[in-house]
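See structure below.
By convention here, the first residue in the shown sequence is residue 1.
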Amino acid sequence: MFRNSREKIERAQQKSCQNDQRIFKQFCENTSIHGLKYLFEDGSRLIERCAWLLVFLSGICFSGYFCWQMWEKWKQSPVLTSVETQLYPLSNIFFPAVTVCNVNKVSKIKLQDALRNPKYANVSYSEMQSTLRYMTKLDRAINNERPLKELNQFYKSRNISALDLFKILEETAPSCSDMVMDCNWLGLTKPCMEFFSFLPTDDGMCCTFNSAKYFDPMLGIQSSASEPLRVNGNGYRMGLNLVIDANVDDYSVTTGKFDGFKILVHAPEEFPDVADRGFVIGPGTETFVAVKGTTSFNTEEVAREVAPDQRQCLVEGEKKLKYFQHYSRSACMVECATRIMHDNCQCRPYFLRGGNTSRLCEFTSYTCISNVYEDVRARGDKICDCLPPCTDIRYDPEVSYASFPGRGFNLTRTFKRLVQERNLSAGTDGTEYFKTNVAMFHVYYKEKTGMRYRTDIRFGIEDFISAMGGLLGLGLGMSFISVIELVYFFIVRRFFLQHRIPSDQTLKSSHSPNSDEVRKVWPSSQTLSSVMTTMEPNVDGQRGLQLVRRGSLNLPAHMQARLYKY
């Protein structure tokens with residue numbers, strides 16, 4: 001019993017193997033894929049079949065390699081950024097924000113007046129000066145834990161909080177009216193100062209022209225939320241022109257080894273990280289800052305079909321910031337630093353924004369926040385996940401300068417107005433004061449138009465399929481129909497072949513031929529096609545070609561009946 005069942009299983013396996021061979025042979029003879037039909041051609045030699053097999057494998061390697069290259073290209077570079085126009089109107093671009101920071105962070109006269117407050121009666125000028133020096137330059141706190149701890153205990157014993165010390169810094173810092181002697185916007189003097197805001201930065205308290213909305217409820221700072229300014233032309237007469245006073249004699253706490261100012265030209269919604277990106281203007285110079293405005297945007301298909309990690313930018317609304325109204329990379333880095341400081345130091349410095357619940361750092365935490373800030377500077381791309389925005393405005397400044405004032409400056413109306421407002425001498429003393437304390441600079445667009453970049457899909461799904469189809473067709477001759485043939489012969493045909501077996505057995509029983517004989521004499525499709533043409537003698541006795549009708553093959557009747565079935 002077991003022997004019979006084993007024999008049945010072996011016969012079934014043998015039959016299945018024969019069917020697989022038969023299907024594979026029929027596939028090779030009939031498929032549209034190039035080269036396969038020569039592998040089973042009747043009468044062909046082994047060397048021919050090996051040669052065609054080598055050709056077929058070469059086609060697979062060719063198509064496979066270039067299809068893989070196309071896949072990697074589509075996967076790693078799905079978007080393409082190109083120049084859409086070099087004539088983008090300036091009226092469509094916001095004028096940049098301009099942040100002006102005096103290298104002197106504390107006015108000597110203002111600090112002396114502030115210490116007259118009874119609350120600071122027991123605080124000396126040198127102690128407060130040292131305190132404000134740590135507050136305006138964080139890297140001074142690195143490896144200085146002991147003096148910071150002593151300062152913290154000193155102020156705690158006198159009930160002076162971190163917020164009180166910030167108020168001292170805000171009160172004693174040179175204000176916008178102290179620094180700006182003359183302001184001119186689009187040729188107009190009067191409304192120019194209305195566009196300035198006195199805001200905290202990583203370089204102390206600074207003046208920002210054309211800033212975005214700033215709100216910090218704990219510090220009590222709230223700037224206006226007016227629409228950013230725009231211009232319609234280029235040249236310094238169509239921009240911002242400032243005469244700024246360093247007032248060198250009033251220096252008390254400085255953050256640099258020079259006299260003058262640090263200037264940063266940036267987008268209005270960006271955080272003014274002046275300490276890292278600002279450029280220097282010294283007194284006795286006139287500086288021209290010619291700005292090139294460059295904008296970029298993405299198409300809707302990029303936002304919809306490409307993931308942020310592939311396009312390497314964020315579209316509007318993909319990432320919301322807690323303390324900034326609009327997303328920018330610098331604002332995201334600031335919020336990242338604030339979050340890490342909250343986690344590691346349980347506080348924040350005064351120049352990083354926070355809510356009502358965020359606590360200002362005391363001096364014992366300055367080393368911690370300094371280390372975090374330096375770590376974000378060094379490894380921000382890895383720990384903060386702040387991609388640049390896909391729609392962005394970039395301002396590239398070109399800076400040139402000359403000595404100031406020139407020989408004819410004391411004859412101008414600007415000079416006469418300034419010496420009158422500042423109670424300066426109109427003679428040699430006034431000119432000398434300008435050389436040692438005053439600088440002039442202009443911020444304007446260099447060109448009449450800006451450049452606009454467009455980010456679009458590099459390879460859409462249609463382009464990808466077309467490229468893959470072309471490579472497969474070039475290397476193997478494959479098409480959509482070839483894929484259908486693969487499915488049909490190796491899946492569907494097997495199913496139909498199993499259902500053809502009973503009818504074949506009925507046909508065999510009616511004609512009673514041996515099945516082994518049928519397999520032996522059954523010709524392939526190529527053999528049948530080859531015998532369709534035979535050489536027979538013609539009327540002249542010479543041999544010639546003559547077509548033989550399908551029914552005239554010299555085959556038994558039961559074989560012709562089976563042939564007609566196909």
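For the salt bridge (charged side-chain N to carboxylate O under 4.0 Å, His left out) condition, the pairs that include at least one residue of residues 239-255, sequence neighbours left out, are D245-R422. Pairs engaging residues 78-123 under the ring-ring contact (aromatic ring centres under 6.0 Å, His included) rule: F95-W185, F95-Y445 [sequence neighbours left out]. Listed by first and then second residue, the disulfide bond (SG atoms under 2.5 Å apart) pairs involving residues 83-139 are C101-C206 (not counting sequence neighbours). Applying the ring-ring contact (aromatic ring centres under 6.0 Å, His included) test to every pair with at least one member in residues 227-260, sequence neighbours left out, gives these pairs: Y236-H442.
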Q: Evaluate the criterion side-chain contact (heavy atoms from CB on, under 4.5 Å) for residue pair D392 and R329; output intermediate values, then yes/no.
A: CA-CA 10 Å; D392 195 15; R329 191 172 185 273; over 6 Å; no

Q: Evaluate salt bridge (charged side-chain N to carboxylate O under 4.0 Å, His left out) for D139 paired with R377, printing each intermediate quantity in order.
A: CA-CA 12 Å; D139 55 6; R377 284 176 175 175; 5.6 Å; no

(Q) Before you tell me yes or no, could you show the steps for Y373 and F351 under ring-ring contact (aromatic ring centres under 6.0 Å, His included), namely the whole-Å CA-CA distance, both residues' side-chain angles and the distance that decides it to 0.1 Å? (A) CA-CA 12 Å; Y373 205 60; F351 59 84; 5.7 Å; yes

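A 6.0 Å sphere centred on CD of E300 holds no more than 12 heavy atoms belonging to other residues, nucleotides or ligands. Counting non-hydrogen atoms of neighbouring residues, nucleotides and ligands closer than 6.0 angstrom, the NZ atom of K448 reaches no more than 12 such neighbours. Summarising the local packing, NZ of K435 is surrounded by 12 or fewer heavy atoms from other residues, nucleotides or ligands at distances under 6.0 Å. At most 12 non-hydrogen atoms from other residues, nucleotides or ligands lie less than 6.0 angstrom from CG of N159. Environment of CZ in R237: sparse, with no more than 12 heavy atoms of neighbouring residues, nucleotides or ligands closer than 6.0 Å.
Side chains of H342 and S358: no donor on one and acceptor on the other come within 3.5 Å. Between the side chains of S365 and Q346, no donor-acceptor pair of N or O atoms lies under 3.5 Å. Side-chain atoms of S107 and T172 include no donor-acceptor pair closer than 3.5 Å. Looking only at atom types and distance, the side chain of T299 has a donor-acceptor partner in the side chain of D456 under 3.5 Å away. In summary, the side chains of Y155 and T131 do present a donor paired with an acceptor at a separation below 3.5 Å, with no hydrogens or angles considered.
Residues passing the ring pair (Phe, Tyr, Trp, His ring centres under 6.0 Å) test with F166 are Y350, sequence neighbours excluded. Residues passing the side-chain contact (heavy atoms from CB on, under 4.5 Å) test with L87 are T85, T449, sequence neighbours excluded. Under the rule for a side chain to side chain donor-acceptor pair (under 3.5 Å), N371 has no partner lying at least two apart in sequence or in another chain. For R413, there are no side chain to side chain donor-acceptor pair (under 3.5 Å) partners, not counting sequence neighbours. With sequence neighbours excluded, the residues satisfying side chain to side chain donor-acceptor pair (under 3.5 Å) with T81 are T455. Applying the ring pair (Phe, Tyr, Trp, His ring centres under 6.0 Å) rule to F409 yields the partners F404, F415, F434; only residues at least two apart in sequence or on another chain are considered. Scored by the side chain to side chain donor-acceptor pair (under 3.5 Å) test, S175 finds S177, D178 as partners (sequence neighbours excluded).
Remark: side-chain polar atoms of S223 are paired, donor with acceptor, to backbone N or O of Y214 under 3.5 angstrom. Distance alone, capped at 3.5 Å, is enough to place a donor-acceptor pair between the Q129 side chain and the S252 backbone. A donor-acceptor contact shorter than 3.5 Å links the side chain of N437 to the backbone of V248.
Sulfur-to-sulfur, C386 and C336 sit at least 2.5 Å apart at their SG atoms. Between C361 and C368 the SG-SG gap reaches or exceeds 2.5 angstrom. Pairing of C390 with C313 by a disulfide is supported, the SG atoms lying closer than 2.5 Å.
Both tests hold for R452 against F297: distance to the six-membered ring centre under 6.0 Å, angle to the ring axis within 45°.
Between R339 and E335, no side-chain nitrogen of the basic residue sits less than 4.0 Å from a carboxylate oxygen of the acidic one, so the salt-bridge criterion is not met. Salt bridge status for E447 with K292: absent, with no side-chain N to carboxylate O gap under 4.0 Å. Between R158 and D164, no side-chain nitrogen of the basic residue sits less than 4.0 Å from a carboxylate oxygen of the acidic one, so the salt-bridge criterion is not met. We find that R394 and D396 are joined by a salt bridge, their nearest charged nitrogen and carboxylate oxygen being less than 4.0 Å apart.
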Anything under 3.5 Å between a donor and an acceptor, one on a side chain of residues 186-200, the other on a protein residue two or more places apart or in another chain? List them.
{"unit_1": "S197", "atom_1": "OG", "unit_2": "S211", "atom_2": "OG", "d": "3.4"}

